[in-house]
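Contents: one structure, followed by commentary.
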Amino acid sequence: MLVEGIKSRPRYPGLTADKHANHHIFAADGEGAQAILDLFTNESDAIKGRVTVVYAQTTPGSEAYAAKLNALSVDIVHIMPTVETALNRLAGVLHAARMGARMYAAGTETLIGFTVQLAQQLGMDPGAVLTEHRGTAARRVQCVHCKGFTENVTTNIVPCAHCGEHLLVRDHYSKRLAAFQGVCADAEVRGELPEISEVFK
Amino acid sequence: MNQEFKKTTFRDDFTFFNSPASIKRFPFPFWEDKYMYSVNIEPHTAGAPGSVFEFPIDINEHYVSEMADRAIVLKEDPLRCQALPHMMLAQWDFLELLMTSMARDYPQWFSLTTQGDHWHWVNKPLGIDQKFVFGDPSTLPYEPMEYMGRQCQGDFSIQDQRDGQLWMDAGVITTQADWSLDFDVGMNFMEWHGPVPLAHDMKVFDRALKFLLNLQLGEPVRRLNWTMTINPRLDTSPENYNKWGKDRTTVTPENVGDKVHLRVELQALWRLPRSNAILFSIRGYLIKMRELVTVPKWGRRMHRVLGTLPPELIDYKGITRYRDTTLEWLSQYDDGAPTSPGGGPD
C-alpha cells in the first residue's frame with residue numbers, strides 16, 4: 001500500500017508553440033504566467049492567429065503577472081480570481097472555439113489537471129493539451145474511502161477534508177478525476193503514521 | 001464436477017474453507033522455488049478434466065457463496081460496477097460470452113435458449129429464470145455487464161481499444177487485490193499499472209500491451225498472478241482498506257495456518273466480437289496455509305518463494321507485517337528436499 005515512485009504520475013514536458021494552430025488558448029494560474037511569458041519571448045514567431053489567455057490570480061505576485069500578460073500581443077486576457085472561476089471561463093472559451101485551436105495549460109498540477117479534464121470532457125485527447133508545471137507542487141487528492149477531494153495538499157500525509165482519515169498521498173493519478181489517490185495511512189495500526197513532512201511545496 | 005455448492009462466508013465469521021477436492025485443483029502459481037515477474041501468458045485452452053483450466057469459465061464449489069458476497073459489496077458501494085457510455089456494445093459481448101460458455105460447459109446448472117434476439121437464460125443455483133431481448137438493456141434488471149457479473153465468479157474489466165492503447169472503460173470489481181475501479185476507470189494500460197513496482201523497468205508492460213493489442217477473436221490467453229490475504233476476505237479493496245487493513249496485524253504463530261491465505265488470480269483475456277474490446281477476467285482462488293501444506297511440494301515451495309521475495313514485492317503485496325511469522329510457520333514443512341518443476345502437486 002505504501003509504495004512510492006508510481007509511474008502513472010503525469011509528466012509536464014513544457015510549453016512549445018503549435019505553429020499550425022490558428023487560435024492559441026492558454027490556461028494558467030499563479031506562477032504559470034511566467035511559462036506563457038517565456039514562450040512569447042522564445043517562440044513569438046511561431047504563435048500565429050488569435051491568442052486567448054485565461055489567468056487565475058492565485059498567488060501574491062499574480063497582479064504583476066496579469067499586467068505582463070496584458071502587455072503581450074494577445075486578443076484578450078481573462079483575469080479571474082480563482083482556479084474554479086478560471087475554469088468556468090475556459091469552458092466558455094472552448095465552447096466557442098473552432099477547428100485549429102490549441103490548448104495550453106501552465107501552473108499548478110491542479111490547474112493543469114482540471115484543464116486536461118475539461119478538454120477530455122469536450123471530446124479532446126488529453127494528450128493534445130500542452131502543459132508546463134510552475135509554482136507550487138500542491139496536490140488535489142481524492143480519498144479512496146469517502147471519495148471526497150482535499151485541495152492544496154502539500155504534505156505526504158493529510159487528513160481527509162471530509163471523513164478525517166489520515167491519507168497517504170500516492171503518486172497514482174487519475175486524469176478523469178484530476179486528482180491523486182489518497183489512502184488511509186494508518187489502517188493497519190491506528191495512529192502509527194509515517195513522519196509528516198512538506199513534500200509538495 | 002458433480003458437487004454441491006458450499007454456503008460459506010468471506011467476511012465477519014469467515015467460514016470459508018476448501019474441500020480436499022478443491023485443494024487438489026488449486027492453481028498453485030509457482031513453477032519454481034522463487035518468484036519474479038514475467039509476462040507468462042499462455043493460450044487459454046482446455047486443461048485437464050477437473051482442473052480450473054478445464055473450461056474457459058470455471059464454476060466451483062464456492063459459486064453461490066461468492067455471488068452472495070458480490071451482492072453485498074454492490075449493495076454497499078455501487079461504484080464497484082461502472083461502465084462508460086460507449087461500452088454498451090461490449091457489455092452485450094460480455095453477457096454473450098459468459099452465458100454461452102456457462103450453458104455449454106455446465107448444462108446441469110445453466111441453460112440458454114435463443115430465438116433471434118429473444119433469449120431465455122436459466123441459472124438454477126441462483127434461482128434465476130430470465131427472458132430478455134439481446135441488445136435491449138431495458139429488458140434486463142441491470143445493465144448487461146452487471147447482470148452477468150452478478151452471476152459469474154471472478155472480477156471483470158472491459159478494455160476499449162483505440163489509438164494503439166487499451167482503456168479500462170468498464171468493470172465489475174468486488175474482489176480486488178487492492179486497486180480501485182472507481183479511481184482507475186478511463187485509464188490506459190500504462191496508467192492503471194502505474195503502481196506496480198519493478199515491472200515497468202523490466203518493460204513487462206510494453207511487451208504485454210503489444211501482445212494484447214493483437215489478441216485474436218477465439219484465441220483467449222491466460223496467466224496466473226498471486227498475492228496473500230489475511231482471512232478469506234474477497235473484498236480487499238482500497239475503498240475498505242481502512243476496515244480490513246488491521247487484519248494484517250492479527251497473525252500469530254498459532255493462527256498462521258488458518259488466517260494466512262495464498263490468493264491466486266487466474267487472469268484471462270478475450271477479444272470480444274462486436275465491440276473489438278478486450279475482456280479481462282480476474283478469477284480469484286483462496287487457500288489457507290493449513291490447506292496448502294497438505295500438498296508437501298507446495299509447502300516446501302511456498303516457504304522458499306516467500307523467503308526469497310524481493311523487498312519491493314513484499315511491500316507492494318502488503319505482506320511486510322506477517323511475512324516473518326508466516327515464514328517461520330512454513331519452515332516446519334520445508335525439509336530442504338528438491339521440488340519438481342512446474343506448479344502441480346507431485
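Sequence lines set the chain letters: A, B, ... in the order given, protein chains first and strands last, and positions in each chain run from 1.
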Using a distance-only test with no angle check, is there a side-chain donor-acceptor pair under 3.5 angstrom linking A:Glu188 and B:Tyr241?
-> yes

Solution key, residues 21-29 of chain A side-chain donor-acceptor pairs under 3.5 Å, sequence neighbours excluded:
{"from": "A:His23", "atom 1": "NE2", "to": "A:Thr52", "atom 2": "OG1", "distance (Å)": "2.8"}
{"from": "A:His24", "atom 1": "ND1", "to": "A:Tyr104", "atom 2": "OH", "distance (Å)": "2.9"}
{"from": "A:His24", "atom 1": "NE2", "to": "A:Lys48", "atom 2": "N", "distance (Å)": "3.4"}
{"from": "A:His24", "atom 1": "NE2", "to": "A:Lys48", "atom 2": "O", "distance (Å)": "2.8"}
{"from": "A:Asp29", "atom 1": "OD1", "to": "A:Thr108", "atom 2": "N", "distance (Å)": "2.9"}
{"from": "A:Asp29", "atom 1": "OD2", "to": "A:Thr108", "atom 2": "OG1", "distance (Å)": "2.7"}

Does a salt bridge link A:Asp125 with B:Arg162, judged by any charged N lying under 4.0 Å from a carboxylate O?
-> no

Could you tell me whether A:Glu192 and B:Arg321 make a salt bridge, using a distance below 4.0 angstrom between a side-chain N and a carboxylate O?
-> yes

Non-hydrogen atoms of A:Phe180 and B:Phe183 that approach each other most closely | C-CZ, 3.8 Å

B:Met187 side chain near A:Lys175 side chain, heavy-atom distance below 4.5 Å | no

Under 4.5 Å between any side-chain heavy atoms of A:Arg190 and B:Asn242, yes or no?
-> yes

For A:Glu63, does the CD atom have more than 12 heavy-atom neighbours from other residues, nucleotides or ligands under 6.0 Å away?
-> no

What do you reckon, is CD of A:Glu84 surrounded by more than 12 foreign heavy atoms closer than 6.0 Å?
-> no

Those residues that, when tested against B:Asp13, pass side chain to side chain contact (heavy atoms under 4.5 Å, CB included) (two or more places apart) = B:Thr9, B:Thr15

Looking at residues at least two apart in the chain, or sitting in another chain, which of them share a side chain to side chain contact (heavy atoms under 4.5 Å, CB included) with B:Leu89?
-> B:Arg274, B:Ser275

Find the one option among B:Thr249, B:Asp77, B:Asn240, B:Asp247 whose heavy-atom pairs under 4.5 Å with chain A are most numerous.
-> B:Thr249

How would you list, in number order, the residues of residues 141-167 of chain A that have a heavy atom less than 4.5 Å from chain B?
-> A:Gln142, A:Val144, A:His145, A:Lys147, A:Glu165

Go through B:Lys246 and A:Asp186 one step at a time and tell me if the side chain to side chain contact (heavy atoms under 4.5 Å, CB included) criterion holds.
-> CA-CA 9 Å; B:Lys246 62 179 183 292; A:Asp186 60 348; over 6 Å; no

B:Asp169 vs A:Arg176, salt bridge (Lys or Arg N to Asp or Glu O under 4.0 Å): CA-CA, chis, key distance, verdict = CA-CA 11 Å; B:Asp169 287 344; A:Arg176 187 180 66 90; over 6 Å; no

